[in-house]
Amino acid sequence: MTEITAPKAPVTSDEFTGEIREQLKYTQGVTPEQATAADVYVAAAAAVRRHLVDAWMKTQKDMVSGDTKAVGYLSAEFLMGKQLSNALLNAGLTEQFEAAVKALGFEPQQIVDAEYEPGLGNGGLGRLAACYIDSLASIGVPAFGYGIQYRYGIFKQKFDDKGRQIETPDYWLANEEPWGHIDYNRDQRVSFGGKVVEENGRRVWKPAWSVRAVPVDYMVPGYTSQRVNTLRLWTAKSYDEFDLLTFNESEYLDAVKPQVAAENITKILYPEDSTPQGKALRLEQQYFFVAASIHDAIRVFYPGEANPDLTNFADKIVFQLNDTHPVIGIPELMRVLMDEHGYDWDTAWGITQKTFNYTCHTLLPEALEVWPADLIGELLPRHLEIIRKINDQFVAELESKNVAADQIERMRIYTDDERPSVRMAFLASYAGSYVNGVAELHSELLKDVTLKDFSDVYPQKFANVTNGVTPRRFVRLSNPRMSALITEGLGTDRWISDLSLLKGLVPLADDAEFVRKFADVKQANKDAFAVFAKSHYGIDLDSSTMFNTMVKRLHEYKRQSLKILALISTYADIKSGKVNVDDVLPRTVMFGAKSAPGYAMAKLTIRLINNVSRVVNNDPDVKGKLAVHMLPNYNIEMAENLIPATDLDEQISQAGKEASGTGNMKFALNGALTVGTLDGANVEIRQLVGAENFFLFGMTVDEVDKLYAEGYDHGGSRKYYEADPRLKQAVDMVADGTFSDGDKDVYKDLVNDWLTHDYFMTMADFGAYMDIQAEIENTYREPAKWARMAVLNVANSGYFSSDRSIEDYLERIWHTGALA
Ligand code: 26V
């Protein structure tokens, strides 16, 4: 018998219908007859929020009164995705909702579709933060997510008639947003600029201007845990003080300038760029949200105390720094402890060190934030003093440990050169208790390469926590057909909160009936995605072909260009008759990727993909065999629909460059097979699902290093082009205007890079990538074998639940647990 552990129904369908009607009437002011899908959506959201309030309040009360340490997850990005289905699932109200909206004359999907997706993140880093707060609540760990409520999220992507990416603003707050509760009574003052003066032997910061940080609270309900945590996103408001003098001189517009500037702080999410520049506004954003959050934590954990004893602060809350973006919180906590609460340096340092930990999400040294010291000095003069003092203490500590002078020089937090700067990753590595990477390989490389100097001196600080994804959103909700089959196979739905139970599916991989059902589910998901693609993008997909997907941010290191070159090669071979068209495995290749607006090479790659798509899809010679689509505006909703419909997933980054990847986990958990390199979490996925169930190709980290040592990126790639006729033909077709109406100039920067530089070694891995395709196609031609491999991928991927990641953080880094 199937054991059901989902939350018990708190109300009947009729009662819930009544609650929605009430919201429609008293909050929206519309009759059920007048109500549109958007009205019902807002009413349903308000109704489900009411069901969460008691658990939310109890969680907060238990958190403050109990002795379980809370987690403060500081992140500049939370890529939440739509909220309604998730909130309904966790509140145990899904069925009541469906019945209620039908009673009101709507289809549930219409109501879900009325929600506008909040895109408050760039990619994996922001989505990871969202998965982690889901898991914290589901495990019952008291936690705050602290971040920024940007008025404009990640841009919306369109393509122009030449296939180029066009960015349009994402004004996600244009319509009513029923989830966030703005709490004007829990605001914080955040100050900037000015100078530091000496007063009675103390350094006193006299800021020049202040901004009002107002929290917008989002409930984060746990699945079956009866716990509801808080995501507190700060929005900037101006204080009502304006320059009367200027005003009296009747220059009204000048007088309101500071107000406008204040509110600009949270106006826009910065797109992750090809190079992180020292943009003043970005530093303002970072300081704004961490300063507000630190003060908020003190207010929450020492309620009403004028002179709280903050020596136990680190027993109340531990802050996780999600990449370097919140690292300015370190000197801020030092300043708060010393300047606002009177602690001496050493006491403040002891508290600060215990409070912070740092997660690094990259390996590329150029992606680690470095701020010009003069910019910090202008915006946060007191913090710069503190940073310099931390640096002095650090250098003295290294000297006392007899660290060599050149190593000390490399490790400096504050670089004392012509243009001094502050290295945020180094500040975090020194000041925090732990530094962790996000997959085993990544953590090893952090220790051996990126932060080697630090791991030499402080080996005990380094830890690994392999990323994970929430099984609620990315399996249960996004793949209901497969979820039902899993529950049937396991005889329980407890896997939703204990994903390791998927292991129980392993024996079913040899049960022909189960494997057939599994294949049927995949086919149904593909059919459903074809309908989705038609309605959302106006394209026709042939769901009888293999669905081959590559979705992720566009970066050279991820190597979308490897995939596109391989496609061009296949296309050319069919056209030239080199391969018999009847031998070609019919495939639909789908890309989804946004490029940073200022990243020229990435944008050119998007243009190329669009034009390969145009040429291939309009060529009758390959019809029914090959179709290529660049789906616009890749976001969470697209991922939720496309991942369950995918047969083959591409994780083809250059080894040693993708810190972890989380898309790779979502695909494996949804029964897609992976073609991938030994990079990031691919390594662990392959270990767990079995090498025989993973299509591995390409160079290893060591092989990559060896090629660099031989000078590959200074002309070495040309050799591969000359040696492999398939590669030569593909590159030549890009160069000769086949995909640009004969214009040879359009892609010349791309071609030139491939042949002279090719830092990420697309040319060198091309042959291996083409070779593995034959194996993939042969396997796919045996549907039962493919489906069996897919079942084994699902069965062995339970490890990639973000619940497991959070358990690892609790044990290795936070040293705390769930509320009683
Ligand atoms: C920034 C930059 C800017 C300079 C050029 C190259 C580059 C590459 C990456 C980044 C973003 C770094 C932060 C980030 O988003 N990391 C992602 O974090 C995910 C969650 O841990 C992880 O799965 C991805 O592998 C990692 O790229």
Side-chain angles (χ1 to χ4, degrees), residues 73 75-79 120-133 135 154 269-279 282 286 320-327 358-370 424-425 428 435-443 445-446 450 463-470 474 551-560 593-603 605 639 649 651-668 676-685 759-760 800 802 805-806 808-809:
Y73 199 84
S75 179
E77 303 185 7
F78 286 92
L79 188 48
L120 307 187
N122 274 286
L125 172 143
R127 183 54 236 180
L128 187 78
C131 284
Y132 281 0
I133 58 172
S135 285
I154 185 73
L269 165 75
Y270 275 101
E272 156 204 307
D273 230 318
S274 51
T275 48
Q277 308 113 306
K279 285 196 183 120
R282 204 190 290 230
Q286 297 181 350
Q320 193 65 29
L321 300 165
N322 196 28
D323 222 74
T324 49
H325 317 139
V327 170
Y358 160 56
T359 306
C360 179
H361 294 267
T362 186
L363 278 161
L364 308 176
E366 69 271 25
L368 300 175
E369 282 182 301
V370 174
M424 305 309 272
V435 179
N436 77 283
V438 289
E440 258 163 39
L441 176 67
H442 174 236
S443 296
L445 293 170
L446 270 187
T450 315
N464 172 249
V465 178
T466 298
N467 284 168
V469 303
T470 173
F474 289 110
V551 287
K552 48 186 73 253
R553 288 305 303 261
L554 212 139
H555 262 295
E556 289 162 282
Y557 81 80
K558 295 180 188 278
R559 301 199 298 189
Q560 280 93 353
K594 290 180 185 177
S595 157
Y599 189 174
M601 214 57 107
K603 289 188 112 171
T605 307
D649 167 39
Q651 299 297 338
I652 60 178
S653 53
Q654 186 198 32
K657 295 297 187 295
E658 189 69 87
S660 164
T662 43
N664 47 2
M665 302 169 182
K666 294 166 197 162
F667 281 101
T677 49
L678 278 182
D679 200 16
N682 296 354
V683 177
E684 289 154 82
I685 292 176
Y759 186 75
F760 298 105
F800 300 106
S802 47
S805 307
I806 291 299
D808 286 351
Y809 274 101

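Worth saying up front: this structure is predicted, and the values here are computed from it rather than measured. Remember, it's 1-based here, ligands and their atoms both numbered in the order they're listed. Keep in mind that the numbers below use all heavy atoms, side chains included, and drop hydrogens, waters and symmetry copies.
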**Q.** Location of contacts on Asn467 toward ligand 1, heavy atoms closer than 4.0 Å
**A.**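 Answer for Asn467: side chain.
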If I take atom [atom1] from residue [X] and atom [atom2] from residue [Y], how far apart are they, to the nearest 0.5 angstrom?
| X | Y | atom1 | atom2 | result |
| --- | --- | --- | --- | --- |
| Thr324 | Glu369 | OG1 | CD | 3.5 Å |
| Phe78 | Leu269 | CZ | CG | 12.5 Å |
| Tyr809 | Thr359 | OH | OG1 | 3.5 Å |
| Asn464 | Asn436 | CG | CG | 7.0 Å |

Which of the atoms in ligand 1, numbered in the order shown and given with their element, are less than 4.0 Å from a heavy-atom of [X]?
| X | result |
| --- | --- |
| Gly661 | 22 (C), 23 (O), 24 (C), 25 (O) |
| Tyr557 | 8 (C), 27 (O) |
| Val438 | 21 (O) |
| His555 | 6 (C), 7 (C), 8 (C) |
| Ala659 | 25 (O) |
| Glu658 | 24 (C), 25 (O), 26 (C), 27 (O) |

Q: Compute the ring centroids of Phe760 and His555, then answer whether they are less than 6.0 Å apart.
A: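 No: the rings miss the under 6.0 Å criterion.
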Report yes if some N/O of [X] lies less than 3.5 Å from some N/O of ligand 1; otherwise report no.
| X | value |
| --- | --- |
| His361 | yes |
| Glu366 | no |
| Ser660 | yes |

Q: Say whether Ser653 and Glu658, considering side chains only, have a donor N or O and an acceptor N or O under 3.5 Å apart.
A: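 Distance-only check fails for Ser653 and Glu658.
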**Q.** Residue pair His361 / Asn322, side-chain donor-acceptor N/O under 3.5 Å
**A.**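 Yes, because at least one side-chain N or O of His361 sits under 3.5 Å from a partner of the opposite role on Asn322.
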Q) Which is closest to atom 6 (C) of ligand 1 in terms of heavy atoms, Thr466, Leu364, Leu125, Val469? A)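 Selected option, by shortest heavy-atom distance: Leu364.
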Q.
Out of Ala439, Ser805, Ala367, who is nearest to atom 1 (C) of ligand 1 when you count heavy atoms only?
A.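 Nearest heavy atom to atom 1 (C) of ligand 1 lies in Ala367.
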(Q) Please identify which of these residues, Lys657, Gln651, Gln654, Lys552, meets the side chain to side chain contact (heavy atoms under 4.5 Å, CB included) condition with Lys558. (A)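 Exactly one candidate clears the test, Lys552.
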